[in-house]
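To keep things clear, I will list the structure first and then write my remarks on it.
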Amino acid sequence: MNIKIHPRNLDLLKSHEKLIDRQCAKIRKMLPTFAPETVDIDVSLAKLPRGSQFQTGLVLTLPQRVIKVEEIENNPTTSLVHAFGELRRRVERFKSQLNREKLWHKQPLPTASTIPLTRWEVESEANAHLEKLENYIRREVFHLVIQGELPPGVLEPQALVDDVFLFVTSRPEGRPEGLTIEQWMFQVARTILHDHLEEIDTHREEPHMEEEAEEQKQWEDEDLDFYQPDESMHLEDLLRDGSISNPEQLLEREETEAQLQRAIAALPASIRESFVLFALEGFTSDEVAMMTGKEPQEILDEVEHAREALRRDLKA
């Protein structure tokens, strides 16, 4: 990857250079199929002439796409972090589009006259929820690996997203009554994950200690910046407040978020599922109940138990 940095109206600190290198490395890991010399990223960091705000501009140039991002924040570190976070989300969206194109090109597309109108309506709505679904699957795979229920590297989140997309769009008539397309996609994702786990359990082999250590390091380096809606978490000390002013504070926050994800992974499976769908994905207790077959009050009770357990674990 070719990296160019353009500071304007400010002196670029060594800590900012290290932060940029670290964030660019994350982007590079997301693009393993592209030759390094074909990927360029321009980073501009500027202090705006009025007030005390800072603007980060990112331009990622790929063979098939140019992705541009701009973020303005009250300090340069936060501006850089938020800009790179948005860039990662757009790269994931780009990869998702490429993967779906490859999948559809493997089979001849039916003519429009043979496709019920509802199929395209389902496809359009399903596309709108893919980013949220992939975030959910990434988190679930991470939690399963941390708990030892899933060997690292066996399931690729993007491949599971494609499986859900193809399942839902190829049989719109199979949507359960009362579920929206979004809820149905999450229900299908749960089913596919559970099916994979059952299959893995029947062929499970104990890994060598060296392999375990290597895979654990891989997860420690993984980007754990999962989306967490502030209004649902109610763990005020873990919410993003935009007050980070230096890379040291940034690293401390990232360590706290990683600690949170590991604490969630340690919850009992049933409670963890209710907490993730309700508190992190933003579904109501009624919606989670329809997706999981539980009662709404049972969902609320499990969410509260999860919050109590997380508070205890994070204070320990």
Side-chain angles (χ1 to χ4, degrees), residues 129 131-157 160-161 163-164 179 182-201 204 215-216 218-220 222-239 254-316:
H129 301 301
E131 186 173 350
K132 181 178 179 181
L133 179 71
E134 181 175 354
N135 187 76
Y136 165 73
I137 291 176
R138 283 179 55 234
R139 185 192 288 113
E140 288 299 289
V141 169
F142 173 76
H143 291 165
L144 292 168
V145 170
I146 288 297
Q147 287 303 99
E149 301 174 50
L150 177 68
V154 171
L155 295 183
E156 173 58 41
L160 296 180
V161 172
D163 288 344
V164 174
L179 289 185
E182 180 187 23
Q183 295 162 10
W184 186 30
M185 292 172 71
F186 275 75
Q187 186 184 69
V188 171
R190 292 175 60 250
T191 300
I192 291 177
L193 272 171
H194 291 166
D195 290 345
H196 277 298
L197 287 176
E198 289 183 359
E199 182 179 357
I200 289 169
D201 283 341
R204 182 180 294 273
E215 296 294 352
Q216 179 63 31
Q218 173 187 344
W219 278 107
E220 289 174 354
E222 188 73 16
D223 176 22
L224 304 181
D225 187 20
F226 301 115
Y227 171 71
Q228 298 165 5
D230 292 356
E231 65 272 18
S232 300
M233 281 295 294
H234 298 300
L235 295 171
E236 290 78 8
D237 57 330
L238 295 171
L239 302 180
E254 289 184 345
E255 290 174 359
T256 303
E257 290 181 348
Q259 182 184 4
L260 170 63
Q261 295 302 329
R262 286 174 169 80
I264 294 174
L267 294 171
S270 177
I271 293 179
R272 181 178 70 220
E273 180 178 62
S274 296
F275 177 79
V276 167
L277 290 172
F278 179 87
L280 302 187
E281 298 301 337
F283 291 108
T284 67
S285 57
D286 289 337
E287 291 172 333
V288 178
M290 285 191 293
M291 287 187 281
T292 61
K294 300 178 182 178
E295 294 296 326
Q297 187 57 50
E298 183 181 1
I299 300 297
L300 294 176
D301 291 341
E302 289 181 342
V303 169
E304 187 55 35
H305 290 160
R307 285 181 172 145
E308 291 175 359
L310 291 175
R311 291 189 182 100
R312 288 195 304 269
D313 290 346
L314 294 171
K315 288 180 180 179

Short side-chain to backbone donor-acceptor contact, Arg272 and Ala265, under 3.5 Å: yes

Which distance, rounded to the nearest 0.5 Å, do you find between the CG of Leu133 and the CD of Glu281? 8.5 Å

Trace of the side chain to side chain contact (heavy atoms under 4.5 Å, CB included) decision for Leu155 with Leu193: CA-CA 9 Å; Leu155 295 183; Leu193 272 171; 4.1 Å; yes

Quick one: ring pair (Phe, Tyr, Trp, His ring centres under 6.0 Å) partners of Phe186, sequence neighbours excluded? Tyr136, Phe283

Sequence neighbours excluded, the answer for side-chain hydrogen bond (donor to acceptor under 3.5 Å, both in side chains) partners of Arg190 is Glu273

To check you understand the geometry: which heavy-atom pair defines the closest contact between Glu149 and Leu197, and what is its length? O-CD2, 3.6 Å

Taking all non-hydrogen atoms of both residues into account, name the closest pair between Ala189 and Val164 and its distance. CA-CG2, 3.8 Å

Glu131: what forms a salt bridge (Lys or Arg N to Asp or Glu O under 4.0 Å) with it, not counting sequence neighbours? Arg93

Contacts of type side-chain hydrogen bond (donor to acceptor under 3.5 Å, both in side chains), residue Ser270, not counting sequence neighbours: Lys294, Glu302

Residues two or more places apart in sequence or in another chain: which of them pass salt bridge (Lys or Arg N to Asp or Glu O under 4.0 Å) with Glu287? none

Under the side chain to side chain contact (heavy atoms under 4.5 Å, CB included) rule, collect the residues that match up with Asp301, sequence neighbours excluded. Gln297

Restricting to non-hydrogen atoms, name the atom on Ile299 and the atom on Ala289 that form the minimum distance, rounded to 0.1 Å. CG1-N, 4.2 Å

Residues that Pro268 engages under side chain to side chain contact (heavy atoms under 4.5 Å, CB included), provided they are two or more places apart: Ile271

If you round to the nearest 0.5 Å, how far is NE2 of His129 from CD of Gln183? 9.0 Å

Return the CG to CD1 distance between Leu144 and Ile137, rounded to the nearest 0.5 Å. 11.5 Å

Residues in side chain to side chain contact (heavy atoms under 4.5 Å, CB included) with Glu295, at least two apart? Glu298

Heavy-atom closest pair (Leu310 atom, Phe275 atom, distance to 0.1 Å) is CD1-CZ, 3.5 Å

Do Thr191 and Asp195 make a side-chain contact, defined as non-hydrogen atoms from C-beta onward lying under 4.5 Å apart? yes

Looking at every non-hydrogen atom in both residues, tell me the closest pair between Ser285 and Pro296 and how far apart they are. CB-O, 3.7 Å

What residues, two or more places apart in sequence or in another chain, satisfy salt bridge (Lys or Arg N to Asp or Glu O under 4.0 Å) together with Glu140? none

Quick check: do Val154 and Val141 have side-chain heavy atoms less than 4.5 Å from each other? no

Which heavy atom of Leu267 sits nearest a heavy atom of Ala306, and at what distance? CD1-CB, 3.8 Å

Compare all side-chain heavy atoms of Val288 with those of Val303 and state whether any distance is below 4.5 angstrom. no

Nearest 0.5 Å, please: how far is CG in Asp286 from CZ in Phe278? 10.0 Å

Contacts of type side-chain hydrogen bond (donor to acceptor under 3.5 Å, both in side chains), residue Glu182, not counting sequence neighbours: Lys132

Less than 4.5 Å apart, any side-chain heavy atom of Leu280 and any of Ile264? yes

